[in-house]
Each structure stands twice: as C-alpha cells, then as structure tokens.
Amino acid sequence: MITIIFEDHVDFYFARQRVLEKLDEVRGSTLLPQGIVPRLAADATALGQIFWYTVEADPANPVDAARLWALNKYYIVPQLNSAGACRK
C-alpha cells in the first residue's frame, strides 16, 4: 500500500485524476507481472485527501512478495511521484 500526500492547495479532483493517469500508464504495461492490477481506493475522509492503493497478485498467478515490493518501489511510486504537487 502506498500513501500519496499532496500539498494543501491542490484541487482534490485534479490530484485524483493525476493519480489515475499515472496508474493507467503502469496498468497493462510490461512493467508489472501478469495478473497485477493497481487500483485507487475510494475517496478519503474529511480529515484530508489520502489515496490508498495495493499491489496484489492474482491468486491463480502468485507473485513473490519481494517482487511486488520491488515493482511498487521502482516502477509504481516513481510514476505517481511524477504527477506533480505530490508531497510524498
């Protein structure tokens, strides 16, 4: 699971759209193993806009946890961080 923290002045819908665009760049590419589908969780609480996602393997096509971690760290997170106005 990844936490993305945007700067306070960033519009919620803009931020969500940027995250979805970056996830779409990774989804279906050769960067992720077959059966891995990144998802964006539902809207956050009123305390702040926090986007959660998980990287999970299809039970029919298991992927080692270390591989999932590496995919997230080296492929997914850099894509999300390039969205702009992303704090963390």
Roughly how far, to the nearest 0.5 Å, is [atom2] of [Y] from [atom1] of [X]?
| X | Y | atom1 | atom2 | result |
| --- | --- | --- | --- | --- |
| L23 | R39 | CG | CZ | 11.0 Å |
| K22 | I76 | NZ | CD1 | 13.5 Å |
| Y75 | E25 | OH | CD | 15.0 Å |

Tell me, do V26 and L80 make a side-chain contact under 4.5 Å, heavy atoms counted?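 Counting from C-beta outward, V26 and L80 never come under 4.5 Å.
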
Among pairs that include at least one residue of residues 62-78, which meet salt bridge (Lys or Arg N to Asp or Glu O under 4.0 Å), considering only residues two or more places apart or in two chains?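 Residue pairs passing salt bridge (Lys or Arg N to Asp or Glu O under 4.0 Å), neighbours aside: none found.
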
By side-chain hydrogen bond (donor to acceptor under 3.5 Å, both in side chains) - contacts of Q17 (at least two apart):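 Listed in chain order: E21.
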
Non-neighbouring partners of R27 that pass side-chain hydrogen bond (donor to acceptor under 3.5 Å, both in side chains), sequence neighbours left out: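 By the side-chain hydrogen bond (donor to acceptor under 3.5 Å, both in side chains) rule, R27 matches D24.
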
Test side-chain contact (heavy atoms from CB on, under 4.5 Å) on V55 and V63 and set out the steps. CA-CA 10 Å; V55 180; V63 176; over 6 Å; no

Nearest non-hydrogen partners of V10 and A15, listed with the distance: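 Looking at all heavy atoms of both residues, the shortest contact is CG1-CB, 3.9 Å.
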
